[in-house]
Amino acid sequence: MRFSRAFIPTLKETPADAQVVSHVYLVRGGYLRQLAAGIYNLLPLGWRVIKKIEDIVRDEMNRAGAEEVLMPASVPAELWQESGRWQVYGPELLRWKDRKGAEFCTGPTHEEVIVDMVRRDTSSYRDLPLNLYQIQSKFRDEKRPRAGLMRGREFIMKDAYSFDRDEAGALKAYDAMYAAYGRIFKRCGLDFRAVEADTGAIGGSRSHEFQVLAESGEDAIVSCDTCDYAANVEQAEIMKPAEPGIQGAGELTAVATPTQKTIDDVSKFLGVAPSQLIKTLVYMADGSAVAAIIRGDRELNEIAFKKAVGATQLYLARDEEVVAATGVAPGFVGPVGLNIPVYADLELEGATGAVTGANRAGHHNTGVDLARDAKVTKFASIRLAGGGDKCPRCPGGHFRPFKGIEVGHVFFLGTKYSVPMKCNFLDEDRQTKPMVMGCYGIGITRIAAAAIEQNHDANGICWPLAIAPFEVEVISLQPGDAAVKAAADALYAELTAAGVEVLYDDRDERPGAKFKDADLIGVPLRIAIGARSLKEGKLEFKRRTDKDATLIAADGAAAYVAGLVAAEKATFRS
RNA sequence: CGGGGCGUAGCGCAGUCUGGUAGCGCGCUUGGUUCGGGACCAAGAAGUCGGAGGUUCAAAUCCUCUCGCCCCGACCA
């Protein structure tokens with residue numbers, strides 16, 4: 001592609017609405033433009049990247065035995081009513097009516113459609129197993145779309161669904177997808193972890209998220225420093241503590257803490273470490289107030305807490321609800337004398353000498369002995385895992401905390417959809433049985449963003465070769481110089497003929513502008529052709545991640561660079 | 001959905017408090033000089049000031065309503 005003819009509108013300045021690096025560079029580099037909140041145009045460069053990612057995903061899905069289909073984005077409501085999700089899904093589901101008043105939704109995921117597709121034409125165990133996938137635009141009306149391609153409302157996703165006759169077969173399909181996902185993300189050049197995840201609303205017994213490690217990630221994960229256990233903090237197992245997490249002495253004493261409401265304030269005011277405090281959080285569980293108590297330096301795991309309480313609806317109580325339930329404002333609530341159910345983290349079993357709110361405005365208790373002074377309804381593991389926690393899978397290992405961007409998710413579904421939607425088959429023993437399913441998603445557009453989060457510097461993107469919009473950028477430094485132009489034209493032609501994807505910057509711009517654009521766009525290999533070095537019969541070669549260029553012979557340069565590209569591509573397929 | 005912020009030329013912003021001819025930088029066009037890490041000079045084109053209504057002799061500026069976008073939080077297969 002000749003840059004002079006291409007639609008690559010690069011920007012010198014940072015757009016005001018972009019906050020994260022991937023968003024900034026995608027917009028500045030001429031990959032992406034916003035059309036509405038969470039809805040984007042992919043410009044030529046952006047679309048090239050997406051297609052590269054799609055190709056890798058297709059290749060590995062096909063290799064794993066899955067077949068590609070394409071389902072419609074518009075889905076009749078009846079299917080969602082049949083699965084029961086029409087009522088459950090909430091405003092994130094974009095619903096609309098056609099001219100006749102028939103209800104539809106724009107698919108945020110396609111379990112219903114695929115189940116319907118499969119059940120119509122599959123009736124025998126001989127037809128199973130099946131694994132069907134598609135790459136398609138999804139729409140989820142997110143409350144708060146943000147960060148460019150990281151969390152859009154309309155986005156491209158690969159979703160696959162497996163159908164098996166029994167659980168053993170389904171687990172085999174799950175494992176095959178798990179392995180394929182590992183290959184896919186590796187080929188995309190990503191540093192990722194497969195982590196154990198909460199199965200969430202979709203249910204099922206097994207679930208892994210594929211998380212790309214990046215500071216800007218929205219998910220908190222922990223990974224063992226010794227073995228390969230990794231999990232979402234919400235899901236990570238926590239070792240039962242050998243001894244109480246708070247140990248101290250003293251009589252139960254109320255002390256004045258007039259304006260100290262937060263753990264931090266109380267800790268500083270009383271000169272006591274946050275780990276000596278007990279944090280009390282009031283929640284509304286199915287309409288009634290319950291308290292969760294955890295150590296002051298911990299965070300509550302709402303999912304675990306919800307399970308411990310056995311509630312179906314749970315939310316942090318509003319200030320007035322806290323006052324109504326406890327008689328005191330948040331910040332001064334404590335377990336001593338509290339007359340709502342109290343759920344305590346395991347770590348607090350046997351806690352002594354702790355500091356808590358006193359259920360009296362402007363006061364905290366010190367010297368609290370939980371067993372002696374308070375009534376605990378139930379002890380359960382209700383805190384989030386964090387860095388430093390002991391690994392539950394190996395001796396001596398400890399958790400290290402990471403931030404992750406979820407680029408893939410595999411679920412074992414079981415019969416969650418096949419039973420209500422009667423997706424059945426006839427077995428050898430003439431029994432009608434529901435198919436056992438799995439579903440497997442990959443955020444295609446999100447991978448592009450995640451790759452940039454992980455591969456960039458102060459000047460722009462540093463694409464992994466496998467998903468770069470072009471493999472090589474050829475820069476003609478003096479397009480007005482006949483010798484330079486001839487050499488650059490020839491190199492462009494030779495590389496292209498050799499099957500290399502080349503962006504040829506033939507624009508009548510000053511060298512500085514071209515170098516800046518090249519760094520911003522982030523093509524992995526760069527060859528600059530200038531009068532100075534061409535006189536010596538040399539071209540200037542530089543990887544995007546190299547600091548300086550090296551001189552290579554102009555003769556045979558195309559073959560040399562084409563060889564490098566071919567060699568690097570070969571390493572992608574294991 | 002709760003809280004906060006912002007809508008003025010393609011992009012980034014000033015002007016709004018205190019009403020009085022709509023500005024600056026980048027980009028764009030033309031000419032000239034330049035030419036190895038986002039050049040310089042000169043001359044230009046380009047804006048119904050998000051929209052509607054109101055107050056006023058006069059509204060980007062004040063009032064009411066509305067739409068859009070961004071951030072924090074809650075939420076999330």
Under a 3.5 Å cut-off for both contacts, is [N] paired Watson-Crick or G-U wobble with anything, and if yes, with which nucleotide?
N     : result
B:C17 : none
B:A39 : B:U33
B:U61 : none
B:G68 : B:C6
B:A45 : none
B:C1  : B:G73

Say you pick atom [atom1] in [N] and the same atom in [M]; how far apart are they, in whole Å?
N     : M     : atom1 : answer
B:A60 : B:U21 : C1'   : 14 Å
B:G47 : B:G7  : C1'   : 14 Å
B:A22 : B:A74 : P     : 47 Å
B:C13 : B:U56 : P     : 36 Å
B:C28 : B:C65 : P     : 43 Å
B:C26 : B:A9  : C1'   : 12 Å
B:G50 : B:C17 : P     : 15 Å
B:G15 : B:U61 : C1'   : 9 Å

* **Sole candidate of A:Arg2, A:Lys514, A:Arg5, A:Lys485 that passes side chain to side chain donor-acceptor pair (under 3.5 Å) when paired with A:Asp506** =>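 Of A:Arg2, A:Lys514, A:Arg5, A:Lys485, side chain to side chain donor-acceptor pair (under 3.5 Å) with A:Asp506 is met by A:Arg2 alone.
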
* Give one of base, sugar-phosphate or nothing for A:Glu406, where a contact means two heavy atoms less than 4.0 Å apart. =>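 Touches nothing.
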
* Asked: Want to settle it: does A:Leu35 or A:Glu92 sit nearer the 5' end of RNA chain B, counting the closest nucleotide to each?
  -> A:Leu35

* Asked: On RNA chain B, nearest-nucleotide positions of A:Asp219 versus A:Ala18: which is more 5'?
  -> A:Ala18

* Examine the side chains of A:Asp489 and A:Tyr504 and answer whether a donor and an acceptor come within less than 3.5 Å of each other. =>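 The answer is yes; a qualifying pair exists.
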
Grab the [atom1]-[atom2] distance between [X] and [N] for me, whole Å please.
X        : N     : atom1 : atom2 : answer
A:Glu13  : B:C24 : CD    : C1'   : 12 Å
A:Tyr181 : B:A77 : OH    : C1'   : 12 Å
A:Glu218 : B:C75 : CD    : P     : 13 Å
A:Leu316 : B:G2  : CG    : P     : 17 Å
A:Asp17  : B:G68 : CG    : C1'   : 12 Å
A:Phe210 : B:A77 : CZ    : P     : 18 Å
A:Leu281 : B:A74 : CG    : P     : 12 Å
A:Met437 : B:A77 : CE    : P     : 17 Å

* Between A:Gln34 and B:G68, is there a side-chain N or O to OP1/OP2 distance below 4.0 Å? -> no

* Asked: Quick one: which of B:C11, B:A77, B:C13 gets closest to the side chain of A:Phe411?
  ->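 The nucleotide sitting nearest to the side chain is B:A77.
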
* Considering only B:C69, B:G12, B:C71, which nucleotide approaches the side chain of A:Arg146 most closely? -> B:C71

Think [X] forms a cation-pi with [Y], using NZ or CZ under 6.0 Å from the six-ring centre and within 45 degrees of its axis?
X        : Y        : result
A:Arg206 : A:Phe411 : no
A:Arg507 : A:Phe3   : yes
A:Arg95  : A:Trp80  : no

Salt bridge check: are [X] and [Y] linked by an N-O gap of less than 4.0 Å?
X        : Y        : value
A:Arg119 : A:Asp116 : yes
A:Arg85  : A:Glu111 : yes
A:Arg146 : A:Glu218 : yes

* Asked: Could you run down nucleotides 30-42 of chain B 5' to 3' and tag each one B, S or - for protein heavy-atom contact under 4.0 Å?
  -> ----BSBBBB---

* For residues A:Glu473 and A:Ile527, determine if any side-chain heavy atom of one lies less than 4.5 Å from a side-chain heavy atom of the other. =>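 SC-SC contact between A:Glu473 and A:Ile527 ruled out.
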
* Return yes if the base of B:C75 and the side-chain atoms of A:Arg144 contain a donor-acceptor N/O pair under 3.5 Å, otherwise no. =>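 Result: no qualifying N/O pair found.
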
